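One structure is given below, encoded as structure tokens.
Position 1 is the first residue of the sequence; numbering continues from there. This structure is a prediction, so every number in the text was calculated from the model and none was measured.
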Amino acid sequence: MSEYEQDELTAKLAIVGLIAVISVVLFAVGPVYNVWSQGMNGKAELQKAEYTRQVAVLEAQAKMDAASKLADAEVERAKGVAKANSIIGDSLKDNPRYLQYLYITGLQEGSEKGNRTIYVPTEGGMPVPTLDMTK
């Protein structure tokens, strides 16, 4: 064999050896890599689930805070309505003529809308309104 043929044979054997070493390494490392890869995927899914849970908790807390503030606002609004009712009630206690005026204007507004009122005399002199249900 010539020196050239020997070099060519050595190169071929080196390539075959290198391929064999790479194959052995892949067969040995492949399963380990798969286990490592699956472990990393599991950790990623766990972190994603934890983040999703944290987001849900924060959203629920925000809803609770908003509901509490809305309830506080409703209480304040009710206090305002109660105070207004008290003021109106106090102003109407000693003012029967104003109440009669409101009654009469209410009857007029109702008649403009097509409502009919039937007057029935009573002992107190005040008419009793009734509803006409035949419309």
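Between L99 and N95, every side-chain heavy-atom pair lies at or beyond the 4.5 Å cut-off.
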Steps toward salt bridge (Lys or Arg N to Asp or Glu O under 4.0 Å) verdict (K63, E59): CA-CA 6 Å; K63 286 180 183 178; E59 285 177 351; 5.9 Å; no
Stepwise side chain to side chain contact (heavy atoms under 4.5 Å, CB included) test for K43 and L46: CA-CA 5 Å; K43 286 180 183 179; L46 181 63; 5.5 Å; no
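Contact check on R53 versus E50 returns a salt bridge, with a Lys/Arg side-chain nitrogen under 4.0 Å from an Asp/Glu carboxylate oxygen. Between E109 and K113 there is no salt bridge, since none of the side-chain N atoms of the basic residue sits less than 4.0 Å from a carboxylate O of the acidic one.
Here the CG-CD distance, from L70 to E74, works out to 9.0 Å after rounding to the nearest 0.5 Å. Atom CG of D65 is separated from atom CD of Q61 by 4.5 Å, given to the nearest 0.5 angstrom. For the atom pair I19 CD1 and I22 CD1, the distance stands at 7.0 Å (nearest 0.5 Å).
The list of ring pair (Phe, Tyr, Trp, His ring centres under 6.0 Å) pairs with a residue in residues 36-71, not counting sequence neighbours, reads Y33-W36.
Under the 3.5 Å distance criterion, the side-chain polar atoms of T105 are matched with a main-chain donor or acceptor of Y101. At distances below 3.5 Å, at least one donor-acceptor pair connects side-chain atoms of T10 with backbone N or O atoms of Q6.
In terms of hydrophobic clustering, with Ile, Leu, Val, Met, Phe, Trp and Tyr side chains grouped at heavy-atom distances under 4.5 Å, V21 and V16 are assigned to different clusters.
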